[in-house]
J.: 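Dropping a structure here in structure tokens format, bear with me for questions.
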Number of protein chains: 2
Amino acid sequence: MQTEKFLLGRGREDLSDDEKRVIEDSIATVRTLPGRTRLIRAGERVEHSTLLLEGFICRYMDDREGQRQLVAVHVPGDFVDLHGFPMKYLDHDIATLGPVKVATFEHDTLTTITERFPHLTRMLWFSTLLDAAMHREWIFRLGRLGAEGRLAHLFCELNVRLGMVGLARDGVFALPMTQPDLAEACGITGVHVNRVLRGLRERGALTFKANEVRILDRKALEAIGEFESDYLYVNRTA
Amino acid sequence: MQTEKFLLGRGREDLSDDEKRVIEDSIATVRTLPGRTRLIRAGERVEHSTLLLEGFICRYMDDREGQRQLVAVHVPGDFVDLHGFPMKYLDHDIATLGPVKVATFEHDTLTTITERFPHLTRMLWFSTLLDAAMHREWIFRLGRLGAEGRLAHLFCELNVRLGMVGLARDGVFALPMTQPDLAEACGITGVHVNRVLRGLRERGALTFKANEVRILDRKALEAIGEFESDYLYVNRTA
DNA sequence: CGCCCCATTGAGTGGTTTCAATCGCAGTGG
DNA sequence: CCACTGCGATTGAAACCACTCAATGGGGCG
């Protein structure tokens, strides 16, 4: 079962066994890739979409000076570029953070799914809308929070999302991001990330080492980052 | 024809006459509303979605101190909360800026559409993905640009989008936003918006009066805002 | 007429950036 | 085996952008 994490925490519970089988049977290829590898360049026509099975992937845009702004970080179970299916080409680049294992789906296959499985189609649609909800939260994060809040919020989000797929336990999880990477996700400089992380460490909120985050005081971190997980639709009762 | 602007510049050209008729016939109600009216509150269960026919609508989130961060501005032709259909409830509030005219669609009706019109469904999906693309551009705007660039970028985006629906001509368009509103969209203070606007005015880039924007030097403004319209999928050749 | 909100401007403060330097670690090649 | 190299982590100092506080004037509305 390659797709064991597929849409876990993204409406997965609403899928029937038939629908899960359709997804599993629709996989075209499964590949492993090293870290720091670009998968898709902005503007390229795309004919297939990528489901992240293991590892981390980010999406980003470059400014005029070549500086990156991350617009999304993806964890296992995420359909990284499903939006490329209706959109045909993307407005941003996609690259791996650490090494990854991914499954690909041909867009022709996805078209067939939309013609035969309306409910599954709405679930796929929902998955892309959840990405949009995270985008909105990132807009809030960058627009209303200072450097400390931005970092705190990012760690809170990753903790919840990784928890949903069983990759975070008690606030501890692997994360193949460097301090400059965090800077690109938070719209601040790498130097300042370092200072802010020191502050958070000294306050006993968390520790950050290469490839490992330990959230020591979740309540404090959530307060600093003004974090509420509603937007992740974790417990959708509606 | 209430829906003359429906998805104009959002893949509208890919719709058949039959599909356009289905949309027109699916309207449940048409209403007019005054400015500064909240349509939807975060967390509320939603049973219908709203197509903006005339006027401007914004989506926003509040921080802990009650300060708003706009996450989207909508122009006529936009399906403002189509994402509420698969999502069932929203993670943010929606309110009018100036007075508006809107059409509503029951979610039951939309479900029927997804079961009978796969291609139209993909077009609706595309429309929500375009909102996500704009979200990403806003993340970039807030993460990588200074106050001047953020404002310039916002005006450039609105100029293109309003141009697509015939509401901007030669860089001149109506916009019922105050300086504090612009501040909430750009993650800066109202006072600072005032100063930056003065700078842009003195450089001959644009003028901003209550309800009217005049872009005098589009090239300069696009350079300041690092604006490229690719993400709006204006001329989708792919 | 009074009130509130928007627009505008000044002065001082503070969060972040920029520039700069050091240290550690891993990969590379002599 | 070790110098060389590059990148990430860390810290200091100075400069700058944007914020806060404060005050004034203008316009719409009850």
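Every chain is numbered from 1 and lettered A, B, ... according to where its sequence line falls, protein lines coming before strand lines.
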J.: Which nucleotide in the list D:dC19, C:dT16, D:dC21 gets nearest to the side chain of B:H192?
T.: D:dC19

J.: Have a look at B:A210 and say if it touches a base, only the backbone sugar-phosphate, or nothing, with a 4.0 Å heavy-atom cut-off.
T.: nothing

J.: Over how many whole Å does the gap from B:R36 atom CZ to D:dC29 atom P extend?
T.: 13 Å

J.: Round to a whole Å and report the spacing from CG of A:L182 to P of D:dG8.
T.: 12 Å

J.: Counting C-beta onward and ignoring hydrogens, is there a side-chain heavy-atom pair between A:E137 and B:M61 closer than 4.5 Å?
T.: yes

J.: Please determine, for the side chain of B:T178, which listed nucleotide (D:dT20, D:dG12, C:dC6) has the closest atom?
T.: C:dC6

J.: For the residue pair A:F79 and A:F105, is the inter-centroid distance of their aromatic rings smaller than 6.0 Å?
T.: yes

J.: Measuring to OP1 and OP2 of D:dT10, would you say a side-chain N or O of A:R195 lies under 4.0 angstrom away?
T.: no

J.: Choosing from D:dT10, C:dC6, C:dT17, which nucleotide comes nearest the side chain of A:Q179?
T.: D:dT10

J.: Over how many whole Å does the gap from B:N211 atom CG to C:dC6 atom C1' extend?
T.: 14 Å

J.: Between D:dA22, D:dG8, C:dT18, spot the one nearest the side chain of B:V191, thanks.
T.: D:dA22

J.: Does the pair B:H153 and B:R144 meet the rule for a side-chain hydrogen bond (donor to acceptor under 3.5 Å, both in side chains), with working shown?
T.: CA-CA 12 Å; B:H153 190 289; B:R144 283 286 164 261; over 6 Å; no

J.: Can you find a pair of side-chain heavy atoms, one from B:V75 and one from B:L167, that are under 4.5 Å apart?
T.: no

J.: Calculate the interatomic distance between B:F208 atom CZ and C:dC6 atom C1'; express it in whole Å.
T.: 10 Å

J.: Please give, in whole Å, the distance from C:dT9 P to B:R201 CZ?
T.: 7 Å

J.: With a 4.0 Å cutoff (strictly under), does any side-chain N or O of A:N194 reach OP1 or OP2 of D:dA9?
T.: no

J.: Quick one: B:D63 CG to D:dC19 P, roughly how many Å, whole number?
T.: 13 Å

J.: Is A:T189 close enough to C:dT16 that one of its side-chain N or O atoms is under 4.0 Å from OP1 or OP2 there?
T.: no

J.: Heavy atoms under 4.0 Å, any strand shown: does B:G146 hit a base, just sugar-phosphate, or nothing?
T.: sugar-phosphate

J.: Roughly, in whole Å, what's the span from NZ in B:K209 to P in D:dG27?
T.: 13 Å

J.: Between C:dT8 atom C1' and B:E202 atom CD, what is the distance in whole Å?
T.: 12 Å

J.: Look at A:E44 together with A:R38 and state whether they make a salt bridge at an N to O cut-off of under 4.0 Å.
T.: no

